[in-house]
Q: 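Dumping the structure here so I can ask a few things about it.
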Amino acid sequence: MGTYRAYHLETPGSVDGIVPRDTPDGPPAPGPRDILVRVHAVSLNKRDLLILEGSYPLKAAPDVIPISDGAGEVVAVGDEVTRFAVGDRVTSTYFPRWLDGRITPALIDQPGATLPGMLAEYVRLDENAAVRVPDHLTWEEAACLPCAGVTAWNALTGAEAVLPGETVLTLGTGALSLFAVQFAKILGAQVVATTSSREKAERLKTLGADYVLNYVENPKWAASVRELTDGRGADLVVETGGPDTIEQSVRATALYGRIALIAANSPHKSALEITTDALASSLVTLRRLFVGSRAHFERMNRAITLHGLRPVVDRVFPYEEVHAAYRYYATGAAFGKVVIRVTSAV
């Protein structure tokens, strides 16, 4: 297979610190329970920016290969592998050792942080750290699933699942929120979404949102959510704004509603602040969550397959333009996922 290229986070703090290296000895041989994956595409998440700047809760391993989310083809398997065969299409999982149930501190290692990530032409994975790709998805679409997709699915189904006829409120047009819109619709829910522009509002409606509120024109949007739901409020809020939006989210939530808290930090505020006035008439349940297990991932993929759902991809960059992809993603302008197409050496 000759040489292959991988990127490494050599110097944290700047995208220029992510450097490509050629490995002359070819891809690593899989261990007994490993699979060797030829990576076709990876996608960026907010955590990749936080790792780059050194503010992520998990300290990155020195010289780590970045990025948690990737998809590719199995090209070799170890002697004891039973879950996959050569030719299978797979994606990585965000927590390689979290298979099901509740997460524990022993299971928090992540690719692209404490473990080698997916920004390489070939990666070696434990067979338990991968799932099959839904057949109808492209490589670029499949690479969008492990973080944003699983988190949105867990938010809607992981505890008190959304029921048909309930109302789901999503915030903004980040990839996770777009997944939440799509999943809420296939679960039979009504969706109210927020955004900052009329153009994005139209795209949200095309994706399935029933109502869209402009939070720039209407900063007290909680009242509008209640008006749209005949005073009831949202049964579930997928809270991705953290300190910037939590007050309005509580005010927008139904009496026995739920808030799935994804983001807990903000460059603008250092704490989650909820006024006693907002809580006075609420019996809301707030659930903090972080991505999900392999079981969540596999259940999500069955739903994606059944409904023919496709992730929203904003832009695809070539493998040689990793720095440009990071910089574009950091602008926050993307509607959907930012993907890097990986061209493997043969």
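By convention here, the first residue in the shown sequence is residue 1.
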Q: Closest heavy-atom contact between G233 and T167?
A: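 Heavy-atom minimum between the residues: O-CB, 4.5 Å.
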Q: Look up atom CG in D235 and atom OG1 in T229, then write down how far apart they are to the nearest 0.5 Å.
A: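 Output value for this atom pair is 8.5 Å.
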Q: Does any part of the side chain of L213, heavy atoms only, come nearer than 4.5 Å to the side chain of V225, both counted from C-beta?
A: yes
Q: Give me the atom names and distance for the closest heavy-atom approach of V216 to P219.
A: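 Between these two residues, the closest heavy atoms are O-CD, 3.8 Å.
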Q: Using a strict 4.0 Å threshold on nitrogen-to-oxygen distance, state whether R251 and E247 make a salt bridge.
A: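 Salt bridge flag = yes for E247 with R251.
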Q: Is there a side-chain contact between E140 and L137 in this structure, where contact means two heavy atoms from C-beta onward sitting under 4.5 Å apart?
A: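 The answer is no, as the side chains (C-beta and beyond) never meet within the 4.5 Å cut-off.
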Q: Any side-chain to backbone donor/acceptor pair from N301 onto R132? Under 3.5 Å, distance only.
A: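 Such a contact is found between N301 side chain and R132 backbone.
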Q: Is any side-chain N of the basic residue among R21 and D63 closer than 4.0 Å to the acidic one's carboxylate O?
A: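 A salt bridge links R21 with D63.
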Q: Flag yes if V42 and L125 sit in one hydrophobic cluster, no otherwise; membership is Ile, Leu, Val, Met, Phe, Trp, Tyr, and two members link when side-chain heavy atoms are under 4.5 Å apart.
A: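 Both belong to a single hydrophobic cluster.
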Q: Show the nearest heavy-atom pair for residues Y4 and G26, with the distance to one decimal.
A: CE2-O, 3.4 Å
Q: Looking at OG1 of T114 and NZ of K59, how far apart are the two atoms once the value is rounded to the nearest 0.5 Å?
A: 12.5 Å
Q: Apply side-chain hydrogen bond (donor to acceptor under 3.5 Å, both in side chains) to residues Q182 and R310 and explain how you reach the verdict.
A: CA-CA 9 Å; Q182 293 175 290; R310 291 186 178 276; over 6 Å; no
Q: CZ of R203 to NZ of K200: how many Å apart, nearest 0.5 Å?
A: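 Between atom CZ of R203 and atom NZ of K200 there are 8.5 Å.
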Q: So if you build clusters from Ile, Leu, Val, Met, Phe, Trp, Tyr with side-chain heavy-atom gaps below 4.5 Å, do L169 and V250 land together?
A: yes
Q: Between D314 (side chain) and A334 (backbone), is there a donor-acceptor pair under 3.5 Å?
A: no
Q: Does any N or O in the side chain of T253 come within less than 3.5 Å of the main-chain N or O of V284, such that one atom is a donor and the other an acceptor?
A: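 No, the answer is negative, given that no donor and acceptor are paired below the 3.5 Å cut-off.
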Q: Are the charged groups of K185 and D210 less than 4.0 angstrom apart, N to O?
A: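 A salt bridge is present here (some side-chain N lies under 4.0 Å from a carboxylate O).
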Q: Could you state the interatomic distance from CZ (R97) to CG (L99), rounded to the nearest 0.5 Å?
A: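 Spacing of CZ (R97) from CG (L99) equals 10.0 Å.
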Q: Without swapping roles, check the side chain of H323 against the backbone of V19 for a donor-acceptor pair under 3.5 Å.
A: no
Q: Does this structure show an ion pair linking E80 with R33, if we count only N-O contacts that are shorter than 4.0 Å?
A: yes
Q: Is a side-chain donor or acceptor of K337 paired with a backbone partner of V312 at a separation under 3.5 angstrom?
A: no
Q: In this structure, would V64 and I18 fall into the same cluster of hydrophobic residues linked by side-chain contacts under 4.5 Å?
A: yes
Q: Do R341 and F317 make a side-chain contact, defined as non-hydrogen atoms from C-beta onward lying under 4.5 Å apart?
A: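 R341 does not reach F317 side chain to side chain.
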Q: A quick test of your reading: do over 12 heavy atoms of other residues, nucleotides or ligands sit less than 6.0 Å from CG of D79?
A: no
Q: Indicate whether the side chain of E227 and that of Y211 have a donor and an acceptor atom separated by less than 3.5 Å.
A: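 Their side chains do not contain a donor-acceptor pair, so the 3.5 Å distance test is not met.
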Q: To the nearest 0.5 Å, what is the distance between OG on S249 and CD1 on I274?
A: 9.0 Å
Q: Within a strict 4.5 Å, meaning less than it, do heavy atoms of the M118 and D69 side chains meet?
A: no
Q: Say you draw a straight line from CD1 of I35 to CD of E73; how long is it, rounded to the nearest 0.5 Å?
A: 11.5 Å
Q: Are the side chains of T285 and I259 in touch, meaning some heavy atoms are under 4.5 Å apart?
A: no
Q: Under 6.0 Å between ring centres: does that hold for F297 and Y94?
A: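 Centroid separation for F297 and Y94: 6.0 Å or greater.
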Q: For the residue pair V90 and A130, what are the closest heavy atoms and their distance?
A: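 Scanning both residues, the minimum pair turns out to be CB-CB, 4.2 Å.
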Q: Given side chain to side chain contact (heavy atoms under 4.5 Å, CB included), test V150 with L145 step by step and report yes or no.
A: CA-CA 6 Å; V150 175; L145 300 177; 5.6 Å; no
Q: Using side-chain heavy atoms (C-beta onward) and a distance below 4.5 Å, is C144 in contact with V313?
A: yes
Q: Hey, is the main chain of I304 close enough, under 3.5 Å, to the side chain of H307 for a donor-acceptor pair?
A: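 No, because the side chain of H307 does not come within donor-acceptor range (under 3.5 Å) of the backbone of I304.
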Q: Does the Lys NZ or Arg CZ of R294 fall within the cation-pi geometry relative to W98 - under 6.0 Å from the ring centre and within 45° of the axis?
A: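 Cation-pi check for R294 and W98: fails.
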Q: Quick check: is L236 connected to V192 through a chain of hydrophobic side chains (ILVMFWY, heavy atoms under 4.5 Å apart)?
A: no
Q: Could you report the tightest heavy-atom contact between A189 and V168, atom names first, then the distance?
A: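 That closest heavy-atom pairing would be CB-CG2, 4.0 Å.
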Q: I'd like to know whether L204 forms a side chain to side chain contact (heavy atoms under 4.5 Å, CB included) with T195, so could you lay out the CA-CA distance, the side-chain angles of the two residues, the decisive distance to 0.1 Å, and finally the verdict.
A: CA-CA 9 Å; L204 281 165; T195 187; 3.8 Å; yes
Q: How close do T305 and P134 get, counting heavy atoms only, and between which atoms?
A: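 Between these two residues, the closest heavy atoms are OG1-CB, 3.4 Å.
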Q: Flag the pair V15 / R327 as yes when at least one side-chain heavy-atom distance between them is below 4.5 Å, and no otherwise.
A: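 With C-beta onward as the side chain, the pair touches.
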Q: Do the side-chain N and O atoms of S197 and E199 include a donor-acceptor pair separated by under 3.5 angstrom?
A: no
Q: I want to know whether W153 and F183 have ring centres closer than 6.0 Å.
A: yes
Q: Is it true that a side-chain atom of N218 and a backbone atom of Y215 form a donor plus acceptor pair closer than 3.5 Å?
A: no
Q: Taking L261's backbone N and O only, do any of them form a donor-acceptor pair with R288's side chain (distance below 3.5 Å, no angle check)?
A: yes
Q: Give a yes or no on this: more than 12 heavy atoms of other residues, nucleotides or ligands lie within 6.0 Å of atom CZ of R287.
A: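 Counting other residues, nucleotides and ligands, CZ of R287 exceeds 12 neighbours.
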Q: Determine whether V339 and V37 fall in the same hydrophobic cluster, where Ile, Leu, Val, Met, Phe, Trp and Tyr are linked whenever their side-chain heavy atoms lie under 4.5 Å apart.
A: no
Q: Between Y328 and E321, is a side-chain hydrogen bond (donor to acceptor under 3.5 Å, both in side chains) present by the stated rule, with each step listed?
A: CA-CA 11 Å; Y328 174 68; E321 296 183 15; over 6 Å; no
Q: Has E10 got a side-chain atom pairing as donor or acceptor with G17's backbone, closer than 3.5 angstrom?
A: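 No, E10 side chain to G17 backbone: no donor-acceptor pair under 3.5 Å.
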Q: Regarding T3 and D22, do their side chains bring together a donor and an acceptor under 3.5 Å, going by distance alone?
A: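 Side-chain D/A pair, T3 to D22: absent.
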Q: Could you tell me whether the side chain of T170 and the main chain of A180 form a donor-acceptor pair under 3.5 Å?
A: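 No, the answer is negative, given that no donor and acceptor are paired below the 3.5 Å cut-off.
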Q: For a side chain to side chain contact (heavy atoms under 4.5 Å, CB included) with I340, tell me which candidate from Y7, Y319, Y329 qualifies.
A: Y319
Q: Test side chain to side chain contact (heavy atoms under 4.5 Å, CB included) on Y256 and L283; report intermediate values, then the result.
A: CA-CA 5 Å; Y256 281 95; L283 297 172; 3.2 Å; yes
Q: Side chain to side chain contact (heavy atoms under 4.5 Å, CB included) between F290 and T151: does it pass, once the steps are laid out?
A: CA-CA 7 Å; F290 192 35; T151 306; 5.9 Å; no
Q: Is it the case that more than 12 heavy atoms not belonging to D100 sit under 6.0 Å from its CG atom?
A: yes
Q: State, yes or no, whether a side-chain contact exists between E239 and I246 at a heavy-atom distance under 4.5 Å.
A: yes
